[in-house]
Enquirer: 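I am attaching a structure below and will ask some questions about it afterwards.
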Number of protein chains: 2
Amino acid sequence: MSFPRFFQHNNKFLTRIDFSSFLSLLGLDFYSCSSFNFMRAINSFFGIRRSLALSSSVMSGGKVLTTSNINPNVITMQYAVRGPIVIRAVELEKELANGAKKPFPNVIKANIGDAHAMGQKPITYIRQLLACIANPVIMETDKSIPSDVIENAKTFLGSCGGQSAGAYSQSTGVEVVRKHVAEYITKRDGGIPTNSEDICLSGGASESIRNVLKLFINKNDAKKVGVMIPIPQYPLYSATLEEFGLGQVGYYLNESSNWSLDEAELERSLKESSEKYDVRVLCVINPGNPTGQVLSRENIETIVRFAQKHNLFLLADEVYQDNVYAQGSQFHSFKKVVTEMGAPYDKIELASFHSVSKGYMGECGMRGGYVEFLNLDSEVYVLFKKMISAKLCSTVLGQAVIDAVVNPPKEGQPSYALWKKERDAVLASLKERATLVEKAYSSIDGISCNPVQGAMYAFPSVQIPAKAVEKARSLNQEPDFFYAMQLLETTGICIVPGSGFGQKDGTYHFRTTILPQSDLFKDMLTRFTKFHNDFLAEYK
Amino acid sequence: MSFPRFFQHNNKFLTRIDFSSFLSLLGLDFYSCSSFNFMRAINSFFGIRRSLALSSSVMSGGKVLTTSNINPNVITMQYAVRGPIVIRAVELEKELANGAKKPFPNVIKANIGDAHAMGQKPITYIRQLLACIANPVIMETDKSIPSDVIENAKTFLGSCGGQSAGAYSQSTGVEVVRKHVAEYITKRDGGIPTNSEDICLSGGASESIRNVLKLFINKNDAKKVGVMIPIPQYPLYSATLEEFGLGQVGYYLNESSNWSLDEAELERSLKESSEKYDVRVLCVINPGNPTGQVLSRENIETIVRFAQKHNLFLLADEVYQDNVYAQGSQFHSFKKVVTEMGAPYDKIELASFHSVSKGYMGECGMRGGYVEFLNLDSEVYVLFKKMISAKLCSTVLGQAVIDAVVNPPKEGQPSYALWKKERDAVLASLKERATLVEKAYSSIDGISCNPVQGAMYAFPSVQIPAKAVEKARSLNQEPDFFYAMQLLETTGICIVPGSGFGQKDGTYHFRTTILPQSDLFKDMLTRFTKFHNDFLAEYK
């Protein structure tokens with residue numbers, strides 16, 4: 001079984017694009033581009049062929065830093081969630097704003113888990129707390145702010161240097177927030193003790209995930225360190241492994257049993273890669289991104305036994321822990337499971353990640369997240385903290401948002417009723433859309449979609465007709481990339497092709513979020529269905 | 001001439017420390033430490049001996065990730081600004097808070113450029129703008145907010161997805177902020193055009209500096225890429241080079257001509273390292289950190305000619321551009337100088353960095369900064385943007401602070417008078433303290449201090465008596481580390497020893513900020529002088 005090569009498309013679609021705007025999108029201007037063939041830059045951007053990029057150094061006019069001597073991992077790394085289709089979507093939005101005529105009234109960005117960008121409103125409690133911390137004067141002047149907000153803002157500021165969010169925090173984060181995180185985890189996991197000293201706050205979960213993976217870089221080894229990641233996966237992992245020069249060891253999720261993890265597949269993956277890599281890490285995303293499954297307790301236990309048996313460090317990406325919708329599904333943290341499994345599993349090394357970007361709050365732009373370590377070697381932890389200290393600290397206001405999330409209003413407090421109402425409404429609406437998405441896509445001929453048990457995405461498989469596959473190949477594009485680009489140009493709907501996440505050879509998928517608000521969402525499904533049927537008819 | 005080996009001290013001082021508190025500070029608890037000798041962890045933290053660390057893996061109880069297989073660069077990297085002396089200072093603060101008796105009433109943290117932590121008050125305009133962006137409702141309800149604040153907040157939100165700071169921004173930053181940055185630079189440099197597409201916002205300047213240096217990693221080369229950095233330097237550079245496996249090529253600043261850059265020294269440094277390294281980058285910090293000099297225009301031109309002659313990429317760390325105090329000193333941006341020098345110098349590749357953490361605002365915790373590129377190869381820039389896209393975006397509220405700094409109230413607007421008053425007061429106070437520091441330290445026997453022309457630091461040289469040097473060596477400590485630790489334990493004053501920044505062999509220095517507010521500052525000088533005289537007497 002071979003692994004899919006990601007991003008094999010080339011970029012013929014660019015002939016459709018207004019190049020000056022495109023360059024501007026990429027941050028290039030004609031003035032700075034005049035001396036080189038910008039198709040080269042575009043090819044580099046899409047990371048297609050290093051050889052092409054290498055040959056271009058002669059055209060760079062004697063620059064010190066060129067694609068021929070740049071960090072090679074920067075050339076090969078990819079992050080499809082912000083790749084060429086999304087760039088084209090932003091471009092289309094601008095064209096529409098400038099009065100261009102298109103066969104659709106607006107662009108619908110279903111490419112990224114960015115709730116506020118899709119119209120979700122912020123939670124009042126979070127934003128009131130933030131405003132008080134940002135400008136403490138209003139706690140005196142604005143009489144409409146609830147007393148619990150003021151109390152929590154003061155507690156937070158009391159833990160900041162100079163009582164100001166403008167002071168650096170400790171590199172691991174503001175102390176009182178780490179304490180609240182620990183209390184939150186203890187409560188979530190039914191009382192299992194948590195030590196606030198095992199928590200490090202960061203700018204989103206991504207930063208923590210990158211920091212932990214960085215520990216495994218070891219260039220002196222004859223064998224690269226290998227990191228097991230699911231396929232399909234969230235491309236932060238493939239991008240980071242590529243950037244760090246770590247080996248990507250993919251294991252396929254089982255689409256036919258709702259994207260669960262098969263032990264046999266884990267064993268196969270490990271075995272087939274063990275000659276090439278020293279496999280030391282197993283990453284699991286639960287609830288799944290892009291696949292939307294919620295792992296059963298039993299499945300998690302299987303994974304834990306596998307990790308223990310093979311002496312693997314576990315990375316549990318649990319940023320969607322509050323996003324569970326399906327009847328009978330429940331979030332089980334890896335920490336709780338390994339603890340309850342007892343020896344020897346409770347000694348497994350685990351890093352678990354959470355974020356303020358998802359859940360009911362969707363505060364992506366705030367950049368708040370954390371890692372909790374379990375059983376990390378104490379010396380390693382000291383080094384980890386030294387390493388992050390050179391980056392000083394993550395945003396203190398982002399840390400305030402973490403505080404708001406892990407220490408929300410309690411029953412009986414003035415902010416509680418509104419907070420609960422807003423939170424419940426968001427989660428109910430997400431749940432409704434999760435069901436809607438599955439049903440809608442499953443009802444379309446040639447598309448099948450697993451239930452969206454959790455997270456914010458569906459990852460339907462789409463049967464692409466042979467003629468369309470042929471057409472895509474003739475353009476040197478992945479078929480699902482071709483499909484997604486046609487969809488965008490025809491309907492304004494922006495999704496991410498499955499090839500950006502990885503999928504079994506010969507299968508095609510796309511990731512769509514469930515985030516467009518209800519009316520927009522129904523509109524999107526109508527546009528989508530029409531496009532899909534027309535596409536099938538064109539290439540039948 | 002050999003380079004100083006940093007951090008040669010060992011940690012005998014730790015015998016003075018309450019270990020449980022110390023471990024807790026490092027994020028360790030006894031429960032997690034019980035199975036290993038924690039002195040090893042401490043040694044690892046101080047990164048002294050890899051060999052020691054390596055030998056400790058047997059003690060780690062079969063962990064997957066240990067100091068014997070961790071990323072080796074994480075072991076060797078150092079960041080003295082948050083090193084062991086600072087850790088001890090935090091510890092002392094806690095001891096005092098718990099009622100311990102010490103020969104001083106409080107700890108004075110002069111180790112880090114963290115203005116708010118030292119009591120500087122935030123600028124009203126910045127915090128009002130932030131509060132409006134964080135909780136837009138208050139723009140309707142709070143009638144005391146000036147109209148220009150509201151207008152600017154609305155402009156900012158209009159450039160955010162879903163009009164919310166909770167949406168991800170473009171990876172390069174919110175568009176309107178980048179436009180304001182471009183206008184700010186154009187104005188600063190007397191009209192030289194700036195393109196907002198050449199600007200990328202980031203979480204502090206540190207993140208941008210790290211992102212740019214990352215481009216130069218090239219493990220396939222027989223020779224490591226070398227990066228020239230000043231000695232003394234801000235240890236972000238040495239830490240990042242170590243982490244990235246890039247070669248550190250130090251050039252000494254000339255202390256006897258107020259830390260200026262000598263062309264002959266640049267040539268020597270380059271020549272001596274060119275066999276070992278492929279030197280491709282020259283970093284300059286202006287105004288200087290830790291050295292506080294402001295480079296003359298003539299000196300900058302010399303540097304530019306040197307960089308052009310040797311085909312070097314210029315990194316200009318200009319985060320202290322608003323912190324210029326000395327009569328006759330003026331900030332000249334590298335961009336302005338290379339542009340005005342004309343061909344061939346105006347084609348030099350330049351990355352210039354700025355931050356909201358310094359200046360008059362000191363908003364360190366907000367994590368706002370940016371890089372402006374000049375003459376960057378366009379293909380490289382495309383790859384740079386792809387690389388940063390995997391980290392999604394920097395904090396949007398941090399970007400709002402950048403906006404406030406580069407687009408402050410204009411004359412005639414309601415917020416202008418107060419903004420100007422507050423800004424001028426901070427800068428005047430910093431100027432006063434800059435003079436005070438220089439005079440005070442220069443008047444002490446055995447200490448000499450260059451003028452603090454700019455930035456936030458003095459870097460006095462201190463003559464350490466031979467007997468004290470001997471004593472320090474017997475403890476396996478750097479003499480200036482020994483001196484700084486004695487100072488801390490005796491007076492509560494926290495400074496950073498010169499060995500953390502680099503200095504010529506046989507010379508000793510320390511970095512102190514000029515940030516303690518006036519009364520505290522005078523108190524600090526009294527304590528310092530007494531300590532120093534006692535120290536001289538003890539070791540004469």
Side-chain angles (χ1 to χ4, degrees), chain A residues 26-29 32-33 40-41 44-45 60 63-67 70-71 74 79 82 114 116-117 119 122 127-128 130-131 134-135 142 161-162 164-168 172 195 197 203 215 217 239 280 311 313 349 363-365 367 377-380 382-383 385-387 389-390 395-398, chain B residues 26-29 32-33 36 40-41 44-45 60 63-67 70-71 74 79 82 114 116-117 119 122 127-128 130-131 134-135 142 161-162 164-168 195 197 203 215 217 239 280 311 313 349 363-365 367 377-380 382-383 385-387 389-390 395-398:
Chain A
L26 296 181
L28 300 171
D29 246 30
S32 62
C33 285
R40 287 282 191 279
S44 298
F45 184 84
S60 63
K63 299 278 185 191
V64 176
L65 181 63
T66 68
T67 50
I70 198 173
N71 182 343
V74 173
Y79 185 68
R82 293 204 155 186
D114 190 353
H116 290 207
R127 297 310 192 92
Q128 284 180 332
L130 259 184
N135 194 20
D142 187 339
S164 168
Y168 292 119
T172 51
N195 189 317
E197 297 298 336
L215 300 176
I217 300 174
R280 291 170 57 202
N311 211 26
F313 192 111
E349 290 151 83
E363 292 280 12
C364 307
R367 314 311 292 129
D377 180 90
S378 311
E379 299 176 87
V380 167
V382 170
L383 293 173
K385 293 190 207 190
K386 182 188 68 170
M387 179 182 82
S389 78
T395 155
V396 174
L397 291 178
Chain B
L26 295 182
L28 300 171
D29 246 30
S32 61
C33 286
F36 88 109
R40 288 283 190 279
S44 297
F45 185 85
S60 62
K63 298 278 186 191
V64 177
L65 181 63
T66 68
T67 51
I70 199 172
N71 182 343
V74 173
Y79 185 68
R82 293 203 156 185
D114 189 354
H116 289 208
R127 296 312 191 92
Q128 285 181 332
L130 259 184
N135 193 20
D142 187 338
S164 168
Y168 292 120
N195 189 319
E197 297 298 336
L215 299 177
I217 301 174
R280 292 170 56 202
N311 211 26
F313 192 111
E349 288 151 83
E363 292 279 11
C364 306
R367 312 313 292 131
D377 179 89
S378 311
E379 298 177 87
V380 167
V382 170
L383 292 174
K385 292 190 207 188
K386 181 186 69 169
M387 179 182 82
S389 79
T395 155
V396 173
L397 291 178

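Residue numbering restarts at 1 for every chain, and letters A, B, ... go by the order of the sequence lines.
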Enquirer: Under 4.5 Å heavy-atom distance to chain A, tell me which part of B:A165 shows up: side chain, backbone, both or neither.
Expert: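 For B:A165, heavy atoms of backbone and side chain both lie under 4.5 Å from chain A.
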
Enquirer: Checking A:L130 against B:L397 for the side-chain contact (heavy atoms from CB on, under 4.5 Å) test, could you report, in this order, the C-alpha distance in whole Å, the side-chain angles of both residues, the deciding distance, and whether it holds?
Expert: CA-CA 10 Å; A:L130 259 184; B:L397 291 178; 4.0 Å; yes

Enquirer: Which answer fits A:A390, side chain, backbone, both or neither, if we ask what part of it has an atom under 4.5 Å from a heavy atom of chain B?
Expert: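 When you check distances to chain B, atoms from both the backbone and side chain of A:A390 fall under 4.5 Å.
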
Enquirer: Between A:P122, A:A131, A:G161, A:A134, which shows the greatest number of heavy-atom pairs under 4.5 Å with chain B?
Expert: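 Looking at each of A:P122, A:A131, A:G161, A:A134 in turn, A:A134 comes out on top.
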
Enquirer: Between A:L65 and B:L215, is a side-chain contact (heavy atoms from CB on, under 4.5 Å) present by the stated rule, with each step listed?
Expert: CA-CA 8 Å; A:L65 181 63; B:L215 299 177; 3.8 Å; yes

Enquirer: Below 4.5 Å from any heavy atom of chain A, which atoms of B:R127 appear? Answer side chain, backbone, both or neither.
Expert: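 Answer is both: backbone and side chain atoms of B:R127 are under 4.5 Å from chain A.
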
Enquirer: B:N311 versus chain A, heavy atoms under 4.5 Å apart: side chain, backbone, both or neither?
Expert: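 Backbone plus side chain of B:N311, per the 4.5 Å heavy-atom cut-off to chain A.
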
Enquirer: Quick check against the 3.5 Å criterion: does A:K386 have a side-chain atom that pairs as donor or acceptor with the backbone of B:V74?
Expert: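 Between the backbone of B:V74 and the side chain of A:K386 there is a qualifying donor-acceptor contact (under 3.5 Å).
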
Enquirer: Do you know which two heavy atoms are closest between B:A167 and A:C364, and how far apart they sit?
Expert: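 Residues B:A167 and A:C364, closest heavy atoms: C-CB, 4.5 Å.
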
Enquirer: Taking B:S389, B:A239, B:G119, B:G203 one by one, which has the highest count of heavy-atom pairs under 4.5 Å against chain A?
Expert: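 With the most close heavy-atom pairs to chain A, the winner is B:S389.
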
Enquirer: Give the member of A:I217, A:V396, A:T172, A:D142 that has the highest number of heavy-atom pairs under 4.5 Å with chain B.
Expert: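 Highest number of heavy-atom pairs under 4.5 Å: A:I217.
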
Enquirer: Do you know the tightest heavy-atom contact between A:R280 and B:V64?
Expert: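 Of all heavy-atom pairs spanning A:R280 and B:V64, the closest is NH2-O, 3.3 Å.
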
Enquirer: So what's closer than 4.5 Å to chain B heavy atoms on A:Q128: side chain, backbone, both or neither?
Expert: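 Both parts, backbone and side chain.
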
Enquirer: Just how far is it from atom CZ of B:F313 to atom NZ of A:K63, taken to the nearest 0.5 Å?
Expert: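 Interatomic distance, B:F313 CZ to A:K63 NZ, rounded to 0.5 Å: 9.0 Å.
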
Enquirer: Quick one: do B:L383 and A:T67 satisfy side-chain contact (heavy atoms from CB on, under 4.5 Å)? Show the steps, please.
Expert: CA-CA 8 Å; B:L383 292 174; A:T67 50; 3.6 Å; yes

Enquirer: Donor-acceptor pair, A:D114 side chain versus B:Y168 backbone, under 3.5 Å?
Expert: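 Looks like yes, one N/O pair under 3.5 Å.
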
Enquirer: Flag the pair A:T66 / B:E379 as yes when at least one side-chain heavy-atom distance between them is below 4.5 Å, and no otherwise.
Expert: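 When only atoms from C-beta onward are counted, B:E379 and A:T66 do not touch, as no gap falls below 4.5 Å.
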
